Novice: 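Attaching a single structure in C-alpha cells format; questions to follow.
Remember, predicted model here, so these are calculated numbers, not experimental data. Residue numbers run from 1 in the order of the sequence given.
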Amino acid sequence: MTTSKILVLITGANQGIGFAVAQQLASSGKFHVLVGARTTLKAEAAVKELESDAVDKSALTPITIDVTDDASIAAAAQTVSETFGRLDILINNAGIAQTPATTLREQYQQVFDVNVFGIVLVMDTFLPLLRASTYPDRRIVNVTSGQGLISRAGHKDHPASAKTYFIPDYRSSKAAVNMITVAHAVKLADEKIAVIAAAPGYCRTSINGGQGVKEASDGARVIVRAATEGDPEKLSGTFVADEQWSLGW
C-alpha cells in the first residue's frame, strides 16, 4: 500500500485524547492515520468508529502496538515499513496516570514503563522510518502534562502544585518526558526532525475517571497543533499548551 497523504502514527489512539487526535486528523482529509492500540481488536474497533468522521475511509489503518512490549513495538514498525516504507509524523500519546500496583515500587515501574520507557522505545524504533520519509516537516510529538513542570509542582501558590495534587509518580514521569523531548530535539536538529512536547491540559477522560475542565477534543487540538502547525525549527524542543503557566520547565 502507498499513500500520498501525510502519514501519522498515534499510539493509544483507541480512546480519550488519542482518539480525538485521530478524529481531527482524519476529518481534515490531509492525513493517513495509523490508529495505534494495544490490541488488534481495539485498533480495529477505533478505526470502525472513526470512519464516520473520516473524509477518506481508506486513510485509516489499525496498528497493534503495546508500548510496554518491545516485540509489539518492533512488529508495529515492521508492519509500517512493509506497508508504507516510511513515517512522516509520530505522536506518542499512550500514557497512564493510575495503576493496579500493590507496592510503591510496582506503582512507579508501571507508570514509567508506559509514560517514559514506552516513548523512548517507540521513538528509537520508528526513527529509521522517519528518516526514510521525504516529507519536509517531519515531527515527533510527545504528549506530556503541566504536572510535569518542576516549577509548577514546587510553586506553593499555584492551584495545581504538588501540595494540591501530590501524584509524584505521574509528575516525575512527565518531567522525564520533557527532558527526553528536549534532548532528542537537540540530537535530531541537524536532520530536520522536530521533537515537541504537547500538554493537552486537564481533560475529561477515562485516565482520570472523567474529571477535568476540558473535553478530550479540546486537548487534542493542542496536540494536532504541535504536530501540524507553526515553524518546526522554532517549536522543536519546546512545550506547547493552551494554558499559560509561564513558570518555566
Side-chain angles (χ1 to χ4, degrees), residues 9-22 35-43 45-46 63-76 90-126 140-150 152-154 159-181 197-216 219-220 222-223 239 241 249:
L9 169 62
I10 310 165
T11 64
N14 60 297
Q15 62 179 345
I17 295 171
F19 181 86
V21 171
V35 182
R38 284 182 299 165
T39 68
T40 301
L41 187 64
K42 288 181 177 180
I63 296 290
T64 305
I65 180 168
D66 180 347
V67 302
T68 67
D69 184 333
D70 292 7
S72 175
I73 296 170
L90 170 62
I91 300 177
N92 282 307
N93 166 76
I96 61 172
Q98 300 176 345
T99 81
T102 57
T103 69
L104 186 60
R105 183 179 294 277
E106 289 177 348
Q107 177 182 325
Y108 273 79
Q109 285 176 333
Q110 290 176 16
V111 170
F112 270 69
D113 200 15
V114 177
N115 294 1
V116 181
F117 308 148
I119 281 180
V120 171
L121 288 165
V122 170
M123 278 200 295
D124 186 68
T125 305
F126 280 87
I140 298 171
V141 176
N142 295 327
V143 177
T144 185
S145 169
Q147 303 288 31
L149 299 175
I150 294 172
R152 174 175 170 175
S161 73
K163 183 176 182 179
T164 305
Y165 298 101
F166 183 51
I167 50 173
D169 50 351
Y170 180 75
R171 282 186 183 274
S172 58
S173 74
K174 292 302 185 178
V177 169
N178 294 341
M179 177 57 75
I180 288 163
T181 299
Y202 191 27
C203 301
R204 291 183 281 275
T205 68
S206 61
I207 199 173
N208 57 29
Q211 302 298 309
V213 298
K214 301 166 71 175
E215 295 296 337
V222 178
I223 299 168
F239 184 96
W249 291 101

Novice: Carefully, step by step, assess V35 and N14 under the rule side chain to side chain contact (heavy atoms under 4.5 Å, CB included).
Specialist: CA-CA 7 Å; V35 182; N14 60 297; 5.6 Å; no
Novice: Identify, with sequence neighbours excluded, every residue that meets side chain to side chain contact (heavy atoms under 4.5 Å, CB included) alongside A220.
Specialist: I17, A20, V21, Q24
Novice: Tell me if the CG atom of L121 is crowded by more than 12 foreign heavy atoms within 6.0 Å.
Specialist: yes
Novice: Determine whether W249 and M179 make a side-chain contact, defined as any pair of heavy atoms from C-beta on separated by less than 4.5 Å.
Specialist: no
Novice: Counting N and O atoms only, with roles assigned by atom type, does the side chain of S72 sit under 3.5 Å from a partner on the main chain of D66, one being a donor and the other an acceptor?
Specialist: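 Yes.
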Novice: What do the steps show when you test I96 against N115 for side chain to side chain contact (heavy atoms under 4.5 Å, CB included), and what is the final call?
Specialist: CA-CA 7 Å; I96 61 172; N115 294 1; 3.9 Å; yes
Novice: Has the side chain of S172 got a donor or acceptor atom that lies under 3.5 Å from a matching backbone atom of D169?
Specialist: yes
Novice: Would the distance check show the side chain of N142 and the main-chain N or O of N92 forming a donor-acceptor pair, the cut-off being under 3.5 Å?
Specialist: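 No; zero donor-acceptor contacts below 3.5 Å.
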Novice: Is the shortest heavy-atom distance from the side chain of F126 to the side chain of T11 under 4.5 Å?
Specialist: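 When only atoms from C-beta onward are counted, T11 and F126 do not touch, as no gap falls below 4.5 Å.
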Novice: Could you go step by step and tell me if V67 and I119 meet the side chain to side chain contact (heavy atoms under 4.5 Å, CB included) rule?
Specialist: CA-CA 7 Å; V67 302; I119 281 180; over 6 Å; no
Novice: Okay, side chain of T181, backbone of V177: is any donor-acceptor separation there less than 3.5 Å?
Specialist: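 Side chain of T181 to backbone of V177, a donor-acceptor pair under 3.5 Å: yes, one is there.
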Novice: So, K42 side chain and A13 main chain: donor-acceptor pair closer than 3.5 Å or not?
Specialist: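 Judged by distance alone, no pair lies under 3.5 Å.
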Novice: As a quick check of understanding, evaluate side chain to side chain contact (heavy atoms under 4.5 Å, CB included) for E106 and T99, giving each step before the final call.
Specialist: CA-CA 9 Å; E106 289 177 348; T99 81; over 6 Å; no
Novice: Checking the side chain of R171 only, and the main-chain atoms of Q147 only, is there a donor and an acceptor separated by less than 3.5 Å?
Specialist: yes
Novice: Okay, side chain of K214, backbone of P200: is any donor-acceptor separation there less than 3.5 Å?
Specialist: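 Between the backbone of P200 and the side chain of K214 there is a qualifying donor-acceptor contact (under 3.5 Å).
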Novice: Within the 4.5 Å heavy-atom criterion, are N178 and L149 side-chain neighbours or not?
Specialist: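 Side chain of N178 against side chain of L149, heavy atoms only: contact under 4.5 Å found.
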